[in-house]
Amino acid sequence: MSNAKEFRDHLLDTMAQQRTKNTGFQHWPIVAVLVIFTALASIYSLVFPIEVDGDEISHFALVNFIAEHKRPPLTLEERDAIGKKGDASPFYHSLVALLTQHTDVPDPLQLPELDLKLERFIPDDGSVPQHLFHTQDDAFPFHGIALAWHLARFFSILLGAATIVGIYIVVLAIYPDRRWFALAAACFAAFIPGFVISSAVVNDDNLLFLLTTFAIYYLIRLAQGDERPRTLIILGVLIGLATLAKYHAIVLIAVMALLLLQLAWQKKWQWQTLVRRLGLVFLAFTLTFGWWFVFIVIRFNRVQELGLVSGVLAALGDPVVASGVDNILKAQSYSLTLDDWLNWAYLTFVTFWFRSGITYS
């Protein structure tokens with residue numbers, strides 16, 4: 001009896017060790033990828049001077065406004081004073097402001113912009129597309145604006161690393177027995193130069209990438225048969241947060257609706273079931289994003305100037321969306337030449353692999 005008990009205990013211990021081995025250490029390669037990615041993005045972040053990406057000044061100005069005033073801009077004058085990102089969704093910038101709020105940064109920003117003084121063009125000679133005149137104030141050890149800027153970049157690096165983990169999980173959800181395939185997908189994303197550089201600078205795309213990746217993960221779970229209310233609610237919240245991070249993510253609502261319609265047709269759901277499941281996602285989405293949409297529409301709409309649809313969309317602060325919808329409503333069409341398509345293809349390639357606007361000198 002004692003031998004039998006000892007054998008059983010030994011067997012249980014062996015199974016537990018094997019389970020630990022299979023679950024705890026089988027994913028070590030993705031940890032190595034994350035370490036390499038974080039190191040590479042950190043090097044970029046430290047080597048690149050502040051504002052190396054053209055949008056960084058505007059993004060950081062919004063971060064600094066929120067850190068200083070403990071709120072987003074609430075008037076058109078405040079938006080205009082911040083710059084071209086003053087009307088962006090402040091979700092990412094509010095999170096970054098939690099890191100930078102205790103640094104010594106003036107409000108408004110006092111940055112040595114090249115176009116403010118003619119003599120600043122002399123060393124630059126107008127040949128390098130930089131916006132700021134860089135001095136020892138930017139150098140390590142960082143302080144003031146430079147410290148806050150690099151803290152913001154550090155947060156972006158963390159978001160990039162989390163996105164890589166999300167990609168790994170997404171692929172595993174589709175191919176659970178192909179860890180190396182999931183690792184390859186994560187590596188592909190992690191070492192695209194454009195993604196590494198984007199993760200190394202102040203950019204709200206980094207939060208959008210993360211939330212969209214995990215929204216896709218829950219879309220996959222839904223497609224695989226996980227139709228629990230909890231899954232639908234989490235999916236709606238993630239789509240809402242992604243849209244709150246950047247308004248373009250609203251397209252995920254259409255993707256979700258098409259998926260549920262396809263599942264309803266394949267599995268022959270009753271219409272009440274489809275409506276209930278769509279309703280759960282929309283309810284979670286509305287509670288997550290709807291309050292902010294209502295707020296900015298009430299405060300920043302331009303209905304009297306642009307009409308109902310375009311005027312409401314103008315509150316989002318995206319002139320491309322507002323003017324694009326306006327052109328569609330007016331049935332305007334454009335003819336594209338071969339040169340237009342070639343320029344688009346070239347710009348797509350460059351921005352995908354290298355990210356336009358980066359200065360390496």
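If you read the sequence from its start, that first residue is 1, and numbering goes on from there. In this text the structure is predicted, and so the values were computed from the model without any measurement. The figures here come from the full heavy-atom set of this structure, side chains too, leaving out hydrogens, waters and symmetry mates.
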field: ILVMFWY clustering at 4.5 Å (side-chain atoms), partners of Leu208
entry: none
message: Please confirm whether the ring centroid of Phe37 lies under 6.0 Å from the ring centroid of Phe195.
response: yes
message: Tell me whether the rings of Tyr92 and His59 are parallel (<30°), tilted (30 to 60°) or perpendicular (>60°).
response: perpendicular
query: Within a radius of less than 6.0 Å around CD of Gln270, do more than 12 heavy atoms belonging to other residues, nucleotides or ligands occur?
result: no
- request: Using salt bridge (charged side-chain N to carboxylate O under 4.0 Å, His left out) as the criterion, list what pairs up with Asp226, not counting sequence neighbours.
  value: Arg221, Arg228
message: Could you check whether atom NZ of Lys268 has more than 12 heavy atoms from other residues, nucleotides or ligands sitting under 6.0 Å from it?
response: no
query: Mind checking what makes side chain to side chain contact (heavy atoms under 4.5 Å, CB included) contact with Trp180, not counting sequence neighbours?
result: Pro29, Leu183
message: Just to verify, what does Tyr218 make a ring pair (Phe, Tyr, Trp, His ring centres under 6.0 Å) with, not counting sequence neighbours?
response: none
- request: With sequence neighbours left out, write down each residue that passes side chain to side chain contact (heavy atoms under 4.5 Å, CB included) with Leu261, or none if nothing qualifies.
  value: Leu274
- prompt: Could you state the interatomic distance from CZ (Arg79) to CG (Leu74), rounded to the nearest 0.5 Å?
  reply: 9.5 Å
Pairwise distance CZ(Phe154) to OG(Ser45) - rounded to 0.5 angstrom: 10.0 Å
message: Restricting to side chain to side chain contact (heavy atoms under 4.5 Å, CB included), what partner residues turn up for Asp339, sequence neighbours left out?
response: Thr337, Leu342
- prompt: In chain order, what residues pass the side chain to side chain contact (heavy atoms under 4.5 Å, CB included) check against Glu77, with sequence neighbours excluded?
  reply: Thr75
- prompt: Residues two or more places apart in sequence or in another chain: which of them pass salt bridge (charged side-chain N to carboxylate O under 4.0 Å, His left out) with Arg71?
  reply: Glu78
message: Working to the nearest 0.5 angstrom, can you tell me the gap between Thr273 OG1 and Leu263 CG?
response: 12.0 Å
field: side-chain hydrogen bond (donor to acceptor under 3.5 Å, both in side chains) evaluation trace for Trp292 with Tyr247
entry: CA-CA 11 Å; Trp292 174 253; Tyr247 303 130; 2.9 Å; yes
message: To the closest 0.5 Å, what do you measure between CG (Leu46) and CZ (Arg153)?
response: 8.5 Å
Worked verdict on Ser156 versus Asn206 for side-chain hydrogen bond (donor to acceptor under 3.5 Å, both in side chains): CA-CA 6 Å; Ser156 290; Asn206 298 308; 3.3 Å; yes
field: Those residues that, when tested against Trp269, pass side-chain hydrogen bond (donor to acceptor under 3.5 Å, both in side chains) (two or more places apart)
entry: none
query: Measuring from Leu235:CG to Ile253:CD1, what's the distance to the nearest 0.5 Å?
result: 8.0 Å
task: Scan residues 157-177 for pairs that pass ring-ring contact (aromatic ring centres under 6.0 Å, His included), counting only residues two or more places apart or in two chains.
output: His27-Tyr168, Tyr175-Phe181
query: So with a 6.0 Å cut-off around CD of Gln266, is the heavy-atom count from everything else above 12?
result: yes
message: Taking ring pair (Phe, Tyr, Trp, His ring centres under 6.0 Å) as the definition, give me every residue that meets it alongside Phe285, ordered by chain and number, with sequence neighbours left out.
response: Phe289
query: According to the salt bridge (charged side-chain N to carboxylate O under 4.0 Å, His left out) rule, which pairs have a member within residues 158-171, sequence neighbours left out?
result: none
- prompt: Side chains of Phe188 and Ile167: closer than 4.5 Å at any heavy-atom pair?
  reply: no
